[in-house]
Amino acid sequence: FFNDTATTEIYTQAFVGSVRCVQETDLTGFTKLPPAIRALDMNSAGSFIIGTQHSEIIKIQQSNKVILMQGHYSGQLWGLCVSPKEELFCTCGGDMTIRIWSKEKLEAMNSINDECITCDWSSNAAFIACGSRSGKIFTFSADLELRELSMKQSGLDKNQAITDVKIAPNCQLIAYGALNGASPIEIMKVKENGQDLAILKQINIGLSTPLLHQDWDATSSTLIVNSKGYDLLYVNVAVGSIVRSSSCAENEWYSWTCIFGYFVKALLPELNKQIDISSVCRSQNKKTIAFGKNSGKIKIYRYPCVAKLPSHKAYIGHSSLVSNVKFFSEDRYLISTGNR
């Protein structure tokens, strides 16, 4: 028997004979969110397994309580980024929480009154930037306190969700777009500690469909941009205009998450039929690249992926669209998220 009260005093109770309580466990304060119990089972040894409203599975054996599993619990999960220096990664999604994880467990969480759907970790490991469905940019401390450092409403349509936040390698600029197809790219200034967000400029690049992915070059001066309408554009941020691809031929890209471009051109025949690739990530050592697909599969290729019919390894990742993939822990692991 379990009781879920309005004051989140939650108990598990076992009864024998003429209904008397033989065990009582209070879960108040044990988890980061109110532990509203939704399922319970008990084995012959008297151990309990409990499922909560907030996607936690808890084992209770006498007075010992252990969290076996945690996760996001509402809406879709899109945001994923990894620390450049520690074995930590961050997620954000429809349950209005920002979370930092290690391989083993949830390390930190912050609940906000907005749904963040994209995030990025600064190259100096000092802060995390997130974009929300209401058109806001947030920054959080990239430590286990996960404090909100700054928040700024974008100059784009506030009714449009922010897409693909990317922090420049110099940790002084943040680029993002919106789901409005006619949206420009907007650039915000930020201090290297993640504070004092301020809009720097908007760059109209003529997108007619939503911006999907973008990446900075190593000098924090150029962006490569992809859209849902198969656009592949190069943007000089300082000048505020599109530039020829030939002028970027020698650029070193700080990251690669774009689904169109020279370094993934071997997949273009497949993309010409239908966009079946939802997420991309190049490994930190620049030797492999991972693709998350709408079908739930994950494929890993050698990087750059330019030869025809490249060999690859395929894995079953999720039941539906793979919303994000990221290499982690010096490329020893690949993390993936699903949007359902």
Side-chain angles (χ1 to χ4, degrees), residues 55-57 66-73 76-93 95 97-109 116-130 140 142-144 146 164-167 169 213 215 253-259 263-264 267 277-305 310-340:
S55 294
E56 295 143 335
I57 298 178
V66 179
I67 298 176
L68 301 180
M69 184 178 294
Q70 291 175 292
H72 290 266
Y73 61 90
Q76 297 180 330
L77 181 61
W78 288 96
L80 172 66
C81 60
V82 300
S83 170
K85 296 183 179 180
E86 300 181 84
E87 292 193 343
L88 298 172
F89 61 95
C90 175
T91 57
C92 58
D95 61 358
T97 65
I98 314 297
R99 304 181 183 222
I100 290 180
W101 311 77
S102 64
K103 296 193 302 292
E104 293 80 17
K105 62 178 181 178
L106 175 66
E107 300 287 353
M109 183 175 69
C116 288
I117 56 175
T118 173
C119 60
D120 196 24
W121 207 305
S122 64
S123 62
N124 64 2
F127 67 96
I128 296 165
C130 300
F140 298 89
D143 54 33
L144 299 190
L146 201 53
D164 206 30
V165 162
K166 288 291 170 61
I167 305 170
H213 305 285
D215 291 288
W253 297 101
Y254 174 69
S255 62
W256 190 279
T257 60
C258 288
I259 61 177
F263 297 105
V264 292
L267 300 179
I277 296 175
S278 52
S279 52
V280 177
C281 183
R282 184 190 66 192
S283 63
Q284 296 166 16
N285 64 13
K286 302 180 182 179
K287 293 182 178 180
T288 54
I289 190 164
F291 294 81
K293 308 194 75 177
N294 294 340
S295 61
K297 292 183 178 179
I298 296 171
K299 293 185 177 182
I300 298 178
Y301 297 82
R302 294 186 184 276
Y303 179 88
C305 187
S311 60
H312 66 276
K313 292 185 177 181
Y315 305 89
I316 297 175
H318 299 269
S319 60
S320 61
L321 183 148
V322 180
S323 58
N324 220 320
V325 289
K326 287 288 184 291
F327 284 93
F328 175 66
S329 185
E330 298 180 342
D331 301 328
R332 290 177 292 178
Y333 298 91
L334 179 70
I335 305 168
S336 64
T337 57
N339 77 336
R340 295 182 186 274

[X]: what forms a side-chain hydrogen bond (donor to acceptor under 3.5 Å, both in side chains) with it, not counting sequence neighbours?
| X | value |
| --- | --- |
| Glu86 | none |
| Lys85 | none |
| Ser320 | none |
| Ser122 | Asn124 |

Notebook entry, point to check: Which is it for Val264 and Ile259 under the side-chain contact (heavy atoms from CB on, under 4.5 Å) test, yes or no, and what are the steps along the way?
Noted result: CA-CA 7 Å; Val264 292; Ile259 61 177; 5.9 Å; no
Which heavy-atom pair separates [X] from [Y] by the least distance, and what is that distance?
| X | Y | value |
| --- | --- | --- |
| Asn324 | Gly79 | ND2-C, 4.4 Å |
| Cys116 | Ile98 | CB-CD1, 3.8 Å |
| Val165 | Cys130 | CG2-C, 4.1 Å |
| Ala142 | Ile128 | CB-CG1, 4.0 Å |
| Ser323 | Ser279 | O-CB, 3.7 Å |
| Pro310 | Cys305 | CG-SG, 3.7 Å |

Check: What's the verdict on side-chain contact (heavy atoms from CB on, under 4.5 Å) for Leu334 and Ile298, showing C-alpha distance, side-chain angles and the deciding distance?
Finding: CA-CA 10 Å; Leu334 179 70; Ile298 296 171; 3.8 Å; yes
Check: Where do Ile335 and Val82 land on the side-chain contact (heavy atoms from CB on, under 4.5 Å) test, with the steps shown first?
Finding: CA-CA 9 Å; Ile335 305 168; Val82 300; 4.3 Å; yes
Note to self: With side chain to side chain donor-acceptor pair (under 3.5 Å) as the criterion, how do His72 and Thr91 come out once you've worked through the C-alpha distance, each side chain's angles and the decisive distance to 0.1 Å?
What the structure shows: CA-CA 9 Å; His72 290 266; Thr91 57; 2.7 Å; yes
Rounded to the nearest 0.5 Å, what separation is found between the [atom1] atom of [X] and the [atom2] atom of [Y]?
| X | Y | atom1 | atom2 | result |
| --- | --- | --- | --- | --- |
| Leu321 | Lys297 | CG | NZ | 14.5 Å |
| Asp331 | Gln284 | CG | CD | 4.5 Å |
| Cys92 | Met109 | SG | CE | 13.5 Å |
| Ser278 | Lys293 | OG | NZ | 9.5 Å |
| Leu77 | Thr337 | CG | OG1 | 5.0 Å |
| Glu56 | Leu68 | CD | CG | 11.0 Å |

For [X], salt bridge (charged side-chain N to carboxylate O under 4.0 Å, His left out) partners two or more places apart:
| X | answer |
| --- | --- |
| Lys166 | Asp164, Asp215 |
| Arg99 | Asp95 |
| Lys287 | none |

Check: Tyr303 and Phe263: aromatic ring centres closer than 6.0 Å?
Finding: yes
Ring pair (Phe, Tyr, Trp, His ring centres under 6.0 Å) with [X]: which residues, sequence neighbours excluded?
| X | value |
| --- | --- |
| Tyr315 | none |
| Phe291 | Tyr301 |
| Phe328 | Phe89 |

Determine yes or no for a side-chain-to-main-chain donor-acceptor pair under 3.5 angstrom, with [X] supplying the side chain and [Y] the backbone.
| X | Y | value |
| --- | --- | --- |
| Trp121 | Ser123 | no |
| Arg282 | Phe327 | no |
| Asp120 | Ile167 | yes |
| Thr288 | Ser283 | no |

Item checked: Non-neighbouring partners of Ser329 that pass side chain to side chain contact (heavy atoms under 4.5 Å, CB included), sequence neighbours left out -> Glu87, Arg332, Tyr333
Next item on the list: Taking side chain to side chain contact (heavy atoms under 4.5 Å, CB included) as the test, write out the residues that go with Ile316, two or more places apart.
Entry: none
Next item on the list: For the residue pair Ser336 and His318, confirm or rule out a side-chain donor-acceptor distance under 3.5 Å.
Entry: yes
Item checked: Check: Trp78/Thr118 side-chain N/O donor and acceptor closer than 3.5 Å -> no
Item checked: Check against side-chain contact (heavy atoms from CB on, under 4.5 Å), Ile289 and Cys281 -> CA-CA 6 Å; Ile289 190 164; Cys281 183; over 6 Å; no
